[in-house]
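Protein chains get the first letters and strands the later ones, always in sequence-line order, with residue 1 at the start of each.
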There are 2 protein chains.
Amino acid sequence: MSDTAVLRRFNRSYTQRIGALEDSFLGTGRPLGENRLLFEIGASPATTQELRERLGLDSGYLSRLLRALEADGLVEVSPDPADRRRRLVRLTSAGAKTWEELERLSEQRALRLLEPLTARQRVRLTEALGVADLLVRAATVSLETVDPTSAYAREAMDRYYAELDERFPHGFVPDPHTDDDDASLRAPVGAFVVAVSDGRPVAGGGVRDYGHAAEIKRMWVDGGWRGAGLGSRLLRHLESLARGLGHTTVRLDTNETLLDAIAMYDRAGYDRVDRYNDNPYATHFFQKQL
Amino acid sequence: MSDTAVLRRFNRSYTQRIGALEDSFLGTGRPLGENRLLFEIGASPATTQELRERLGLDSGYLSRLLRALEADGLVEVSPDPADRRRRLVRLTSAGAKTWEELERLSEQRALRLLEPLTARQRVRLTEALGVADLLVRAATVSLETVDPTSAYAREAMDRYYAELDERFPHGFVPDPHTDDDDASLRAPVGAFVVAVSDGRPVAGGGVRDYGHAAEIKRMWVDGGWRGAGLGSRLLRHLESLARGLGHTTVRLDTNETLLDAIAMYDRAGYDRVDRYNDNPYATHFFQKQL
DNA sequence: ACATATCTCTGACTGTAGTCAGACATCTGG
DNA sequence: CCAGATGTCTGACTACAGTCAGAGATATGT
């Protein structure tokens, strides 16, 4: 069977058996949409804005769902003191109880599915689903060009800096942040890209103009996502953006402690070149013709 | 992470990503229900009755869906000559074309999911999904006690005989079929059980009375389902039926060429005993105290 | 031949999901 | 302080999925 045939066969049998159960709102008498929202709020209280983002809902629709949950006494909505246009949502104690009930039902359903299997089969299924989960997540990460001042970009860069600070023997202190720096990473001369999964940035990197060539900056991949091919994918994406910006050469610097990054650049066809800047943290320099 | 946590995590991320895509069958401008129906008819033309059964639809709803597909010129509905209350449904040539288009879109979507993955990752994902598919199917197989003259039972036995005929060096010819034989495999003295998946029997076996003990007969597991633990599960089920019939001993015979069956009986706690019948095809005899 | 069962179809509903266009409140940069 | 941007909410819709109660045609057993 071909790859796609396996995937399609799995999809068919899985959604028919498990997905169908999911739809039945878990027998709570509450519509699926409300339950999904309730579950999401329970996982971590948030502003309506974040909820909209995470669940991909229309603002009017979300408002109505919140109103329904509020009417049932399950959630409390209050203005955000920091910005009173925004609203904070959190579960009431009745809501928390209902949330736990949903948890319980969901757990029960999972158990019922596993119950006919032997211990060995459960282990096999669990392992297989774990692998499939990682790879499906990896395959559906979306690469988005964002403004360098956006929350996603800031988080990606902050985590990049934090990682360097941890990896470098004497720590890492980024240059003071400037508006010019931001401008260099947005159109028409550059771009910043984040890989988003479940509304969280899991990788990021920028491309900018640097002396008649493109330079790739601040590439970072979340620790839990190493080995999922995300770095190479992001690198290829940044290269194609560089091409789109009119460049035929792309260069970058990195540090000797970042072994996996160096290996990745080697694999991706980059040549080692002489130092081309005075970045005190850089020890290795790479270049590639597009 | 516990087994259920892995399953639930997978379910969440999978349905969010792939399930969501599945709904977008709307890429065709046709509602999901109509597409599902069209797909089902394309897979094998049928009476409305069968379609209702297979898809679990209300008769009024199905009628309306058919009317819509008919209006689009995709299906033809005609009275069944054998029973003119019934109606036969089949695709028109335009319908067949649309069906192929659905196939193409589905294939494309599967490809798009796999596309970001490297070749090695695809292999890993495909293997994982293959294992998961088998086990999820196995876990949701339903064991049903059926009459030995029913279509399911007949199919299970016929395939059992066919397999023996293929495996035995000199073939296999079953004893002439008798009504007594059927009666021995139904209440109050026996039972015949089939494992059903997607409306097809995938395993089967009977238990009957044999000289103050229960005897398990004609146990068969579909070739594609070996290794899914279905045999052991069916065996345990038959043992519990034997207990319900008032027996404390269960025995069975088998042939030396059926190595996996023999291994299964050993694992299930059966002891090898002397020949207790004159079945010319039997070479190994087992017994177990319940 | 007749009562009864079976099968399909139509009309009349309900509930859920989701979209879109503003109204209104609040924040932010100049 | 004001203009424009941002965030939330309401009203008015649409589409889809599904249910239920008969009506009417056709088969079946006695």
Side-chain angles (χ1 to χ4, degrees), chain A residues 15-16 19-20 22-41 46-72 75-90 147 149-151 179 182, chain B residues 15-16 19-20 22-41 46-72 75-90:
Chain A
T15 51
Q16 217 168 62
E22 195 62 32
D23 276 1
S24 76
F25 336 148
L26 301 166
T28 56
R30 206 181 309 285
L32 179 58
E34 289 178 28
N35 273 337
R36 264 202 307 166
L37 179 56
L38 189 64
F39 192 86
E40 196 65 32
I41 297 168
T47 63
T48 54
Q49 213 176 5
E50 287 168 331
L51 290 172
R52 240 176 40 226
E53 179 107 351
R54 292 215 296 257
L55 293 171
L57 301 174
D58 172 84
S59 79
Y61 184 32
L62 174 60
S63 180
R64 236 174 285 274
L65 287 175
L66 283 174
R67 222 53 54 231
L69 291 177
E70 215 172 17
D72 288 354
V75 304
E76 262 174 11
V77 181
S78 55
D80 181 344
D83 179 344
R84 295 183 38 230
R85 287 172 304 185
R86 283 192 194 148
R87 323 215 63 192
L88 295 174
V89 186
R90 66 168 202 280
D147 193 89
T149 59
S150 69
D179 287 349
D182 285 340
Chain B
T15 51
Q16 217 169 64
E22 197 60 31
D23 277 1
S24 77
F25 250 126
L26 299 173
T28 56
R30 205 181 311 284
L32 179 60
E34 288 179 28
N35 275 335
R36 264 202 306 167
L37 179 57
L38 189 64
F39 193 85
E40 197 65 33
I41 297 168
T47 64
T48 54
Q49 213 176 5
E50 287 168 332
L51 291 172
R52 241 175 39 227
E53 178 110 351
R54 292 215 296 257
L55 294 171
L57 301 174
D58 173 85
S59 77
Y61 184 30
L62 174 60
S63 179
R64 235 174 287 274
L65 287 175
L66 283 174
R67 222 51 56 232
L69 291 176
E70 212 173 19
D72 288 355
V75 305
E76 262 174 10
V77 181
S78 54
D80 182 345
D83 180 343
R84 294 186 36 233
R85 289 172 303 183
R86 284 194 193 146
R87 323 215 64 191
L88 296 174
V89 186
R90 66 167 202 281

Measure the [atom1]-[atom2] distance between [X] and [Y] for me, rounded to the nearest 0.5 Å.
X	Y	atom1	atom2	result
A/Arg85	A/Thr48	CZ	OG1	11.5 Å
A/Arg67	A/Leu62	CZ	CG	8.5 Å
B/Arg64	B/Ser59	CZ	OG	9.5 Å
B/Glu50	B/Leu55	CD	CG	11.5 Å
A/Arg90	A/Ile41	CZ	CD1	11.5 Å
B/Leu38	B/Leu66	CG	CG	10.5 Å

- Is there a side-chain contact between A/Leu57 and A/Leu51 (heavy atoms, below 4.5 Å)?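 No; the side chains remain at least 4.5 Å from each other.
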- Query: What are the two closest heavy atoms between A/Pro81 and A/Leu88, and how far apart are they?
  - Reply: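 What the structure gives for the nearest pair is CD-CD1, 3.9 Å.
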Take the protein atom [atom1] of [X] and the nucleotide atom [atom2] of [N], then report the distance between them rounded to whole Å.
X	N	atom1	atom2	answer
B/Arg30	D/dC16	CZ	P	11 Å
A/Tyr61	D/dG11	OH	P	18 Å
B/Asn35	D/dC16	CG	P	11 Å
B/Leu32	C/dT16	CG	C1'	14 Å
A/Leu37	C/dT16	CG	C1'	15 Å
B/Leu62	D/dC20	CG	P	16 Å

- Reckon B/Arg67 has a side-chain N or O less than 4.0 Å from the OP1 or OP2 of C/dT8?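 Answer no for this pair, as no side-chain N or O of B/Arg67 is under 4.0 Å from OP1 or OP2.
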- Taking only the side-chain nitrogens and oxygens of A/Arg64, find out if one of them lies under 4.0 Å from OP1 or OP2 of D/dC9.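 No, outside the criterion.
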- Any idea which of C/dC7, C/dA17, D/dC9 is nearest the B/Arg86 side chain?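 Output: C/dC7.
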- Query: Out of D/dT8, C/dC9, D/dC9, which nucleotide sits closest to the side chain of A/Ser63?
  - Reply: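 Of the candidates, D/dC9 comes closest.
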- Message: Nearest heavy atom decides the nucleotide; on that basis, is B/Thr47 or A/Arg36 closer to the 5' end of DNA chain C?
- Response: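 Its nucleotide being nearer the 5' end, the pick is B/Thr47.
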- Taking DNA chain C as the partner, which of residues 49-60 of chain B come within under 4.0 angstrom of it by heavy atom?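 Hits under 4.0 Å, by residue number: B/Gln49, B/Arg52, B/Ser59, B/Gly60.
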Each nucleotide N or O in nucleotides 24-30 of chain C that has a protein N or O under 3.5 Å away: list the pair and distance.
residue : atom : partner : partner atom : Å
C/dC27  : OP1  : A/Arg84 : N            : 2.7

- Task: State which residues pass salt bridge (charged side-chain N to carboxylate O under 4.0 Å, His left out) with B/Asp72; sequence neighbours excluded, sorted by chain then number.
- Result: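 Checked B/Asp72 against salt bridge (charged side-chain N to carboxylate O under 4.0 Å, His left out); matches are B/Arg30.
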